[in-house]
Amino acid sequence: MMANVFFYILAAFILYSALFVVSAHNLFRSAIGLIAVLLGVAGMYLLMDAQFLSAVQIMVYVGGIVVLIVFVVLLVADVTEKTFQKADRWRKLSAGFVLAVFFGITVWALDSHSFTSASQNAQAASVKDYGRALLSTEKEGFILPFEVISLVLVAALIGAITIAGQTQAPVNGQKELP
Amino acid sequence: MSAPTTDTKAKSPTYQDYFINMGPQHPSTHGVLRMIVKLSGETVLGLTPHLGYVHRGIEKMTEAQTAVQITHLTDRLDYLSAHMNNWAWSMTVEQALGIAVPERAEYLRVIMSELTRIASHQLWWGVFGMDLGAFTPFLYGFRDREMINDIFEKSCGSRLTMNYICPGGVTQDVTGEFEGETRRFVEYFKPIIEEYETLVSGNVIIQERTKGVGILPADRAKAYGCTGPVLRASGVDYDLRKNHPYGVYPRFDFRTAVSPEGDSWARYIVRLEEMRQSLKIITQALDQMPKEGPVRTKLPPTLKIPKGRYMARGETARGEIAFFLVGNDSPKPYRVKIRTPCFSNLSAFPEIIKGWRVADIVTVLSTFDVVVPDIDR
Amino acid sequence: MSEAASPPPNQPVPPAVPAPAPVPAAPDPFQLEILNILGPGAALENVGKLPTFRVASETIVEVCRKLQAAGFDYLILITAVDYPAENRFELNYVVTRFSQDREFCVVTDIKREVARIETVSDIWAAADWQEREIYDMYGIRFDRHPDLRRILLDDTWQGYPLRKDYVDTVHDVIKRPY
Amino acid sequence: MNNFIYKTDSMVEWLTNWLQQHLHNPLLVEIVKMLVGAGVLAGFVSVLAMVLIYIERKVAAHMQQRLGPMRVGPHGIFQTVADSIKLLTKECITPQDVDRFVFNLAPLVCFVAAFVSLSFIPFAPRIQAVNFNVGILFILGISSLGVFGILAAGWASNNKWSLLGAMRAGAQIISYELSAVLALLAILIFAGTLDFKEIVESQRNGWWIWRAHGIGIVAFLIYTIASTAECNRTPFDIVEGESELTAGFHTEYSAIKFAMFFLAEFINVFLVCAISATVFFGGWMPFHIGDMTALNGIFDLVPPFVWFFGKVFALVFVVMWFRWTFPRLRVDQLMRFEWKYLMPLALINLGVGAVLAAYGGFFFNKF
């Protein structure tokens, strides 16, 4: 009963926020919408008793990624500036078409997949289990993807630093700071 | 908030230029000083001071007043060095009219000036701490300044704009408590300077923030006509009290505080050392001062300033103040030009701040110790 | 009070500080030295107590260069004085050395209607703002000055207030009936 | 006293029963219970903030050889109440050309982030608004939402000083969060749990700051430094930096919106000190010395919430002490300190801690 009420509230909230993301007229507001969506999804995870996932969702997406997006917005955007132009008719039409196709595919996918309710096992999983699974070398372990992802991230970091270092324009009269 | 159209120095703004307007209402410009800062990120690319927000036209006002009346205008210049400004003006008038000053008045002038110097540096020390983000030194500085203000209040009834030193001597003799109170202050303040050192000088963050920051080389300091602690911190041993002695200063044994580095830290320790030297001068002056005697030469009812040019210079807490006086045989001066220390000191500021951070503007400006009414006159 | 002979510290304390001695009419060694540096065009004026040397306005840059070469590295102040009756502005350059305790004044005249002279701000950086102030107060233009703007008054200020014939047309303080 | 504290369970039970009798609708009962909980927490937060502000002013005053507020009430204890009323009743000014929506949202975000985080803290046994098995992760996640509030405030104000402050805040808080989390992780390895309740329970035999092989002390120091920076307190208050940026991101805010930022700042100070007390100093656990049963018995008599608040306020005092003695770092020095010294140290600390936790026993078992 309780869970259902919350589910509908959250679902409405997520949908509204998602609409806000795409319909807001400047980047910063879109970022706010994105945060709301991500928080709503974190709430969904909580409803499903996946507290760890929910915490990670907030930490990584809200605390990390969106803040970085906001940071970029701060660097490029002006408050009074309207970043997005008003869409013309063709763009509206094509957007509607894409939306309809996507909606159709989603409905079809949901319909054709038979869902089973989560097993008791999955719900009882604790942080310790997650940790073990991530570093396990057994058949069901995730050590390989885990390491591959960390490698990719390191490569991305180094690449970002290299790019940022190259494009820094030399400033006239700027002294070497201690 | 966009680029100022009147700023001819700045080229046409591009999307990369980020201008911020520091002042006229800003906590760290110490009054209504406005600086237009061109930034790249937090780095200062250029800085243009805009002066005149407290311009009162004192030089124009002098043309309508007599020599004694002008004394009252002088402590509105650098209100933290009121006694020294009075003294410099009095010297100008005395020079023009050939007035001699009684012995006791000369000593009172020295004591009052050195007390003012200490009070000014105490206030600066507190504000310096506050500019760097430490609020507590501010209160400490004001606590100790209070004692000096009390001494001033008892001598002339005023705590900030004293009008105590006037052409011909000082306005009135001090009370009997004066000597005891001043000695008590000297004894009290000697250990307090060490407390200042332990609270602020030893702090790692203070040293990080000031050492090597905002270096003013000696040749540039000389070229800009910087004076006072700003010049001495660049390694130039120049103090009017030593190099151009006036009053009874030659009779005292003291040392000019000099530091060769030219950075903010040097300006900081030079001022601390100056407080110590001032204490020394005060003690000696109290010892040598005649216990009684006249403190003011009787002046003629109208002081006609003879034709010609006169100039007297005095060392205030911020540097050299000079009054350039042109007389034309009338009681009112034909022209008075006031050369104020802060005006010259600040002119060196835009050059040395380039390449430093926004926070360093505050640090370096704080160690330049400008008083805006002194700049604007 | 530069001419006041202050007693050396080892002497017994005199009863009163003597009044500043009057400046002798004949040039003393210091003044002779300056006259030597300035060359034949300069004339010594002993009116008042500040040694004054009058030079022609066309030679001011040359004179200042000579002074700077002779070690006069400290420009205390520059100021103008307005003499409307004689139709001239008088420019005073007060100069000294950091190593010496005597200052002197170099004076030059310019016509009121011309009000134009060459800058010395490339010789002494201190002249930069001082000349701006003179421009601000007297309307004297300094050729070759790097940044000649009003410094203390508004950019829109009408007139030059330190001229003797200045009438304040902006502020009606005096006219108000108090 | 003890009875009252330990009887909270029965209070909740009584409330539930009473609600069920009168409302008959389980959904309504749940909602009312939530509202009551939120109300209690909100009241607590307001009072806490006022107390903290009063303490701050008094600490500052006495460090500066003055008395601080003395007029309103005995020793000025009602001064902050008066100030809050003033702030709440003042006109809310929204400057021209701001992004109104974001401008108004930003203080709410900051306040809510601080407020929600507080609900995970165990103040005493069984006094905890929400208990998650990953409580500490949640706090860290939600407090990172606070950064967003600051960034939004700085951007929406349409003021260059605010924007500078916001940029500094973003860079600073994100950087120092790393050190803070790494320092906490070192202890969490020893505790073996992310649940606040269990973290406290795990210190029944000794606080982690002593017991964790010296890792605890290093971690505590790192956490104190990093969390001070996260709260934008001196010497890391370059975000507000009143002598440089006038007030940084909240320059344009007034009245209740400013009060929310102010409140959030003080709640955040309390929060990081509470986390520190819980993770390093055993939360509400009394201080015990090995076999000295008599002494331990006396300590046990002190109610747990006194222990908890005693520890937290002691840490809060330290943070305030920083503020009134230290000057402020420059922005590049601040970043250099984090990335060149603090973070590597925290990483090494974490590595050593992991090795010790895997192979070693515990020191100072008796404390």
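Fair warning: this is a prediction, and the values are worked out from it, not measured in the lab. Quick note on labels: first sequence line is chain A, next is B, and so on, each numbered from 1.
- When heavy atoms are compared at a cutoff of 4.5 Å, D:Ile173 does not approach chain A at all.
- The 12-atom threshold is exceeded at CZ of D:Phe115, counting heavy atoms of other residues, nucleotides or ligands nearer than 6.0 Å.
- Within the 4.5 Å cutoff, no side-chain heavy atoms of D:Ile142 are placed close to those of A:Met59.
- Contact annotation for D:Leu151: both backbone and side-chain heavy atoms come within less than 4.5 Å of a heavy atom of chain A.
- Heavy-atom contacts from other residues, nucleotides or ligands closer than 6.0 Å to CZ of A:Phe142 number 12 or fewer.
- Here the side chains of A:Ile58 and D:Leu145 are not in contact, with every heavy-atom distance at 4.5 Å or above.
- Between A:Val56 and D:Phe138, every side-chain heavy-atom pair lies at or beyond the 4.5 Å cut-off.
- Using cut-offs of 30° and 60° for the angle between ring planes, the A:Phe28 and D:Trp155 rings count as parallel.
- The closest side-chain heavy-atom distance from D:Leu137 to A:Phe52 is below 4.5 Å.
- Here the CD1 atom belonging to A:Ile32 is positioned 4.5 Å from the CZ atom belonging to D:Phe148, to the nearest 0.5 angstrom.
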